[in-house]
2 protein chains.
Amino acid sequence: MNAPTADSRTRLLDAALQVIRARGYSATRVDDICAAAGLSKGSFFHHFESKEQLAVEAARHWSTVTDAFFAAAPYHRADDPLQRVLGYIDFRKSILMGRVPEFTCLVGTMVQETYDTNPAIREACDRSISGHASEVARDIALAREKYAPDAPWTAESLALHTQAVLQGAFILAKARGSASVAEDSVDHLKRYVELLFHPNHPKEH
Amino acid sequence: MNAPTADSRTRLLDAALQVIRARGYSATRVDDICAAAGLSKGSFFHHFESKEQLAVEAARHWSTVTDAFFAAAPYHRADDPLQRVLGYIDFRKSILMGRVPEFTCLVGTMVQETYDTNPAIREACDRSISGHASEVARDIALAREKYAPDAPWTAESLALHTQAVLQGAFILAKARGSASVAEDSVDHLKRYVELLFHPNHPKEH
DNA sequence: GGAACCATACCGACCGGTTGGTATGGTCGG
DNA sequence: CCGACCATACCAACCGGTCGGTATGGTTCC
């Protein structure tokens with residue numbers, strides 16, 4: 001009777017995204033994920049051989065979901081690469097809404113708990129973050145070539161910096177219990193990128 | 001010999017800083033902390049009424065330790081407030097050495113796992129981060145008044161942004177298993193602050 | 001068509017190691 | 001002797017993972 005709904009494996013993965021983002025990886029029980037998916041533990045271990053393997057697959061699922069989400073975002077339509085980069089940052093700010101677990105990042109949360117004890121999960125989280133950064137770096141590289149070819153920084157490092165700011169903003173939002181501090185930090189990030197590409201200060205007259 | 005019976009509580013707190021930074025809060029067992037401190041569980045529950053309360057006190061202990069550490073750092077000796085801010089950033093970069101758990105932040109790690117389930121720990125982590133940011137904000141406010149009194153950002157928000165960058169840099173370092181990506185992000189942060197203050201900044205060599 | 005057979009999906013009771021916390025008693029300085 | 005401190009032994013709940021079993025739908029052979 002579950003035919004019309006998404007298949008069970010996907011439901012378990014989606015449930016894992018929700019629960020782990022709220023409670024963290026270690027504190028999440030397999031039964032929590034099953035309950036959130038409306039499935040039993042037997043079903044869970046039919047689809048995943050262990051909790052650890054679920055985490056690895058959840059990280060990949062996270063990348064799939066977020067890649068599609070960002071691919072559909074409107075900022076890609078700008079012709080100018082710098083405008084796409086700034087549009088990306090605006091877009092990241094605009095989705096900081098709802099409850100904190102709804103806009104924070106699965107892999108940023110998981111990697112904190114697993115980097116030293118769980119290499120498979122750490123690598124899966126790294127692939128997710130680095131993969132997304134590479135996407136951002138493509139537009140940054142084009143903007144750099146066009147507007148700042150002699151800049152002393154690489155497109156890759158600036159893309160990673162955007163991810164660092166976002167991940168850090170999530171931590172502050174979690175500590176404060178509010179998204180507004182994250183919005184402020186994204187504002188600073190946008191100002192930085194604008195300054196990097198438009199040094200229209202009275203420095204050079 | 002350390003003071004015989006005097007410091008067991010501190011030894012447990014110090015052990016908690018090490019173990020929780022490496023494994024996270026949920027995955028840390030109280031026996032792990034006891035073993036790292038060379039004490040028994042009876043001693044643990046003599047000093048702390050629960051694992052949760054230990055976490056709250058560990059956050060405060062973390063603030064005490066780090067406050068003293070930063071208070072002793074050389075960047076405070078600069079006369080100019082902007083030089084102190086830039087010196088702070090340089091200092092933060094210079095301590096990104098050793099293994100990852102040795103330079104990352106206890107409260108940034110803990111708050112990710114506890115913000116939605118453990119309000120007491122969340123608040124303790126918030127106090128630690130916000131308290132440190134306030135310290136940084138003092139010099140930023142002086143620099144702003146001196147060099148950029150009409151800037152469209154507040155000293156408080158820029159101070160929080162520095163913390164966001166650092167926390168995010170720690171996450172990237174954990175995912176990558178290397179500090180170098182964190183160093184790059186701190187470089188971007190320093191460049192941002194320099195750009196913010198650049199127009200009226202008197203270069204002195 | 002239908003009986004026999006099989007694969008996939010799913011259920012939930014159960015197992016055994018783990019873990020936060022407790023009970024009890026010993027040691028030692030004052 | 002008292003109370004702070006700490007160790008050992010222990011407990012009950014918890015939790016990841018297992019296992020026997022059911023339901024359903026597809027395939028093959030007559």
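In the text below, chain A, chain B and the rest are named by the order of the sequence lines, each starting its count at 1. Quick caveat, the model's predicted, so the values are computed rather than measured.
Listed in residue order, the members of residues 42-58 of chain A having a heavy atom less than 4.0 Å from DNA chain C are A:Gly42, A:Ser43, A:His46, A:His47. Proximity of residues 26-35 of chain B to DNA chain C (heavy atom under 4.0 angstrom from any strand atom) is restricted to B:Thr28, B:Arg29, B:Val30.
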Exercise for review: Any chance you could lay out the side-chain contact (heavy atoms from CB on, under 4.5 Å) test for B:Leu166 and B:Val186, step after step, and finish with the verdict?
Suggested key: CA-CA 7 Å; B:Leu166 289 162; B:Val186 174; 4.0 Å; yes
Exercise for review: Show your reasoning for whether side-chain contact (heavy atoms from CB on, under 4.5 Å) applies to B:His161 and B:Leu189.
Suggested key: CA-CA 9 Å; B:His161 179 64; B:Leu189 174 63; 4.1 Å; yes
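Distance B:Leu39 CG to D:dT8 P: 11 Å, rounded to the nearest Å. The NZ atom of B:Lys41 sits 13 Å away from the C1' atom of C:dA23 (whole-angstrom rounding).
For A:Ser8, the side-chain atoms get nearest to C:dA9 when compared with the rest of D:dC6, C:dG21, C:dA9.
Relative orientation of the A:Phe91 and A:Phe70 rings is perpendicular, given thresholds of 30° and 60° on the angle between their planes. Using cut-offs of 30° and 60° for the angle between ring planes, the B:Phe197 and B:Trp153 rings count as perpendicular. Taking the six-membered ring where tryptophan is involved, the planes of B:Tyr192 and A:Tyr192 are perpendicular, since the angle between them exceeds 60° and thus also 30°.
By the 4.0 Å N-to-carboxylate-O rule, A:Arg23 lies too far from B:Asp116 to be salt-bridged with it.
Residue B:Gln53 qualifies as enclosed at atom CD: its count of foreign heavy atoms under 6.0 Å is above 12.
Two rings, from B:His132 and B:Tyr88, have their centers less than 6.0 Å apart.
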